[in-house]
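This report refers to the structure that appears directly beneath it.
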Protein chains: 2
Amino acid sequence: MSPSSRLTVAIHILTLLAHEASGEPVTSEYIAGSVGTNPVVIRRLLAMLRKSKLVRSQGGPGGGWQLVVPARGITLRDVYRAVESEALFPLHASTPNPRCPVGRTIQAALAGRYGEARLALERDLERTTIADLLQEVTRLAR
Amino acid sequence: MSPSSRLTVAIHILTLLAHEASGEPVTSEYIAGSVGTNPVVIRRLLAMLRKSKLVRSQGGPGGGWQLVVPARGITLRDVYRAVESEALFPLHASTPNPRCPVGRTIQAALAGRYGEARLALERDLERTTIADLLQEVTRLAR
DNA sequence: CAACTCGTAACAGAATAAGTTGCGGTTAGC
DNA sequence: GCTAACCGCAACTTATTCTGTTACGAGTTG
């Protein structure tokens with residue numbers, strides 16, 4: 001799996017928004033300063049999070065980003081679904097041989113197993129909320 | 001996660017070896033014919049599976065590959081560990097800002113959660129063996 | 001010794017991710 | 001209305017990874 005760090009950065013963003021939840025919107029440039037990257041990278045991820053109705057944006061001076069859902073109501077599974085659309089385990093790059101009994105059927109057999117594995121992963125991610133992480137982060141930063 | 005199809009192909013290989021378990025070694029070229037790829041790709045994966053003591057190879061005419069462990073004793077977790085060494089969810093590409101309370105601690109907070117998520121995934125993969133898949137494949141191919 | 005098979009390095013091409021620049025659109029406040 | 005501060009988004013570059021391919025040496029069988 002050549003996963004990406006999208007999930008990590010998205011969680012970072014949401015935790016930061018929960019941390020700075022003073023009512024004031026937070027700019028993508030400020031978030032980028034905490035993450036250590038370019039504001040456009042942050043805005044790309046925020047756009048995905050907005051599509052899942054987790055955050056909202058506002059333009060103009062004093063604008064920026066805010067949580068729509070309270071941190072206690074956002075699980076890591078929500079974030080995972082918002083930013084990782086691809087399959088957990090991709091099937092073959094090239095089609096297996098349809099004249100081989102194994103090649104002809106292995107993908108169908110694997111699809112079900114992979115689906116269960118993804119569910120198991122998501123069930124675990126569901127156990128943690130952004131509020132949990134914020135609490136852990138403030139404990140560690142003390 | 002930019003995962004790869006390594007797990008899928010490795011499972012395919014092992015299922016095929018279990019299917020052709022007539023005592024005769026199976027060549028990487030034959031396996032490649034079932035998977036639909038190049039023999040070198042197959043040998044690369046087989047080398048990883050051998051490192052985990054799941055298969056053995058033999059050179060020369062009549063040579064090829066065989067299972068070392070019976071199909072009932074190989075779980076998808078074993079295969080996963082053999083071929084997917086990287087982290088399930090990578091951390092930040094660039095280091096977060098150490099002067100930010102969130103940036104300074106988020107990676108430590110996430111490491112534990114990611115570890116649990118990986119365990120949950122592996123526990124699920126452990127439920128299925130190559131023998132299970134072979135049975136499913138022969139049922140589908142009927 | 002001849003055919004066969006693995007072992008592995010080296011390279012090419014494609015896909016993906018991360019980072020960057022640029023610019024248009026919108027908003028707040030003077 | 002003008003200006004400054006933001007977002008929105010397309011386009012491009014660069015780095016990395018994955019897949020596929022060629023090539024060739026080493027070992028084995030008969």
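Everything quoted here is computed from the prediction, not taken from an experiment. Chain identifiers are assigned alphabetically (A, B, ...) following the order of the sequence lines, protein sequences preceding nucleic acid strands; residue numbering begins at 1 within each chain.
Within the structure, a side-chain polar atom (N or O) of B/Ser28 is placed less than 4.0 Å from OP1 or OP2 of C/dC6. At C/dC4, none of the side-chain N or O atoms of B/Gln58 fall inside 4.0 Å of OP1 or OP2 (strictly under the cut-off). Note on A/Thr37: a side-chain N or O is less than 4.0 Å away from OP1 or OP2 of C/dG19. Within the structure, a side-chain polar atom (N or O) of A/Ser57 is placed less than 4.0 Å from OP1 or OP2 of D/dG8.
Along DNA chain C, the nucleotide nearest to A/Val41 and the one nearest to B/Ala47 differ in position, and the one closer to the 5' end is contacted by B/Ala47. Two residues, B/Arg43 and A/Val40, neighbour DNA chain D, and the one matched to the more 5' nucleotide by heavy-atom proximity is A/Val40. Both B/Gly60 and B/Ser94 lie close to DNA chain C; mapped to their nearest nucleotides by heavy-atom distance, the more 5′-ward contact belongs to B/Gly60.
Under a 3.5 Å cut-off, the side chain of B/Arg77 and the backbone N or O of B/Leu125 do not form any donor-acceptor pair. In this structure a side-chain-to-backbone donor-acceptor pair under 3.5 Å is missing from B/Gln66 to B/Val26.
One atom, CG of B/Leu46, and another, P of C/dT5, lie 15 Å apart when rounded to the nearest Å. In this structure, the CZ atom of B/Arg44 is 7 Å from the C1' atom of D/dG20, given to the nearest Å. When rounded to the nearest whole Å, the span between CE of B/Met48 and C1' of C/dG7 equals 14 Å. Rounded to an integer number of Å, the gap from CZ of A/Arg6 to C1' of C/dA18 is 11 Å. Counting to the nearest Å, the C1' atom of D/dC12 and the CG atom of A/Asn38 are 13 Å from each other. Atom CG in A/Leu91 sits about 16 Å away from atom C1' in D/dC18, given to the nearest Å.
In the model, A/Arg72 has no side-chain atom that pairs as donor or acceptor with a side-chain atom of A/Thr129 under 3.5 Å.
Using a 4.0 Å heavy-atom criterion, one finds that B/Arg50 contacts the sugar-phosphate atoms exclusively. B/Glu29 comes within 4.0 angstrom of nothing in the nucleic acid, heavy atoms only.
Aromatic ring pairs are classed by plane angle as parallel below 30°, tilted from 30° to 60° and perpendicular above 60°; the pair B/Tyr114 and B/Phe89 is tilted.
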Show every donor-acceptor pair shorter than 3.5 Å between a side-chain atom in residues 30-50 of chain B and any protein atom, with sequence neighbours excluded, or say none if there are none.
residue : atom : partner : partner atom : Å
B/Ser34 : OG   : B/His12 : NE2          : 2.9
B/Asn38 : OD1  : B/Val40 : N            : 2.9
B/Arg43 : NH1  : B/Ser28 : OG           : 3.1
B/Arg50 : NH1  : B/Ser57 : OG           : 2.8

